[in-house]
Amino acid sequence: MHEVLRLAYEASADFRGALAERPVGALASLEELRAALSLPLGEAGLDSVQVIQELIQGVEPGLVAEPGPRYFGFVIGGSSEASLAADWLTSAWDQNAGLYAAAPALAVVEETCARWLLELLGLPAASGVGFVTGCQMANFTCLAAARGEMLRRAGWDVEQEGLQGAPRVHVVVGDEVHVTIPRALRFLGLGAGRMVRVPADAQGRMEPAALRKALAGLEGPVIVCAQAGNVNTGALDPMEAIAGACEEKGAWLHVDGAFGLWAAAVPALRSLVKGIERADSWATDAHKWLNVPYDSGLAIVKEARALRAAMTVNAAYLIQQEGSARDAMDWVPEFSRRGRGFPLYAQLRTLGRSGVADLVGGGCALARRAAAGLAAIPGATILNEVALNQVLVRFEPTGGGDADAFTRLVVERVQRDGTCWLSGSVWKGLGVMRFSVSGQATTEADIDRSVAAIAAAAGKGNR
Ligand SMILES: *Cc1c(COP(=O)(O)O)cnc(C)c1O
């Protein structure tokens, strides 16, 4: 047994050790990966050492250096050594986290993480917290609680009666809503096509005056989805004004804060999220900016009872007894699941409050450094206010030409070069390169080296 585990440990250590200098993107093509991995399943089994050896060899060329220091793609984040170590142990311990009876230590670790997180993020201490797979499921879970509670206030028990015949629930979003919100609405029977969209400003922030106007025209239960951290610009909705409008209307305010909610843990950034504690629910990720391995999302609901009512398996125990043990399945959509609180616990303790603030605040400083470096490249324009960890840059070819096509070309060249990895995106109809600083391994030198690689790719011109 130990030989195969040692093999896995050594391959993990080798992979992590080489992250800083290996090409950041995957080396193998789709065809090559299929040729290596898409094997027939044999009738007879194989020796586990051989299987793991071949797995390592087969996947290695298809791995992306995501936990490395120069991965700036999407908004993803890496993973710290402490959280990885706890993640290995989570698998080794193999606890079914759904029930206290099956995983007593995990239940206490998660209730402790919940307390720490609420303190760290400045959210109401009595909130309910569910540990889910990611922010998609956190949005779903929070919106399920919102749907149940808003309909309960309208005299309808959606958990028992379903939506057929229920009063209409209005869902209001900003125009730059993340795609996981309409997807959650589909799962919840609220309909992606029924969202009321409110205009957003040039940075993607919901306009509070437009929200007030939209709310004035709605009757019955209303859920408003605001956003902390636009996936392109990093911009945060003006929470204070939005919360005020929702309170006047009696609307439920949900915040999608997959990465931007972490600004609340940084004293210097706290003004960006002013008023956020007045919301009713918050969805965020630990596997992005907090640098915990996948999968780790957090669904937080101010009225804990509403979260429990939407998720609980056994309605007879709707109210958790004060001081009683926590059955995780009462707080999330899952039944059996892994003990994802362990890596989170390890990461929070390793960082401490100041470490979390340094991680998030430091990422913002590195993003500003990247923006300054990129802005100095001839033909480059920064399209966003770099308030958080995101930079959007667009490239004009020298001598004129199609900037969308040229920006795409620069992105492709940078990806091929392998010094760093970023992706293209579209912002307000314009093609951009999106630079996201979310990994804790990144240093100033990594930013400078990456900016130089991007400058070289843009300097080659458009042919
Ligand atoms: C990433 C992201 C999500 C989805 O989170 P997952 O962890 O990938 O499920 C939702 N909203 C925003 C704003 C995001 O950036």
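Counting begins at 1 with the first residue of the sequence. All ligand and atom numbering here is 1-based and tracks the order in the structure.
- Every atom of ligand 1 is numbered from 1 in the order shown, and the set under 4.0 Å from a heavy atom of Phe259 is 15 (O).
- When Thr180, Val179, Val132 are checked for heavy-atom proximity to atom 10 (C) of ligand 1, Thr180 turns out nearest.
- Shown in contact with Asp285 at under 4.0 Å from a heavy atom are these atoms of ligand 1, numbered in order with element: 5 (O), 6 (P), 7 (O).
- If you look at Val75 next to ligand 1, there are no close heavy atoms at all, none under 4.0 Å.
- Distances from ligand 1 to the non-hydrogen atoms of Gly229 include at least one value under 4.0 Å.
- Contact atoms of ligand 1 toward Val231: 15 (O) (distance under 4.0 Å to a heavy atom of the residue).
- There is no side-chain donor-acceptor pair under 3.5 Å between Arg349 and Thr112.
- Interface of Gln136 with ligand 1, defined as ligand atoms under 4.0 Å from a residue heavy atom, comprises 4 (C), 5 (O), 6 (P), 9 (O).
- Considering both main-chain and side-chain atoms, Cys135 comes within under 3.5 Å of ligand 1 through a nitrogen or oxygen pair.
- If you number the atoms of ligand 1 from 1 as listed, the ones under 4.0 Å from a heavy atom of Ala258 come out as 2 (C), 3 (C), 10 (C), 11 (N), 12 (C), 13 (C), 14 (C), 15 (O).
- Near His287, meaning under 4.0 Å from any of its heavy atoms, are these atoms of ligand 1: 7 (O).
- Here's the thing with Lys288: one of its N/O atoms is less than 3.5 angstrom from an N/O atom of ligand 1.
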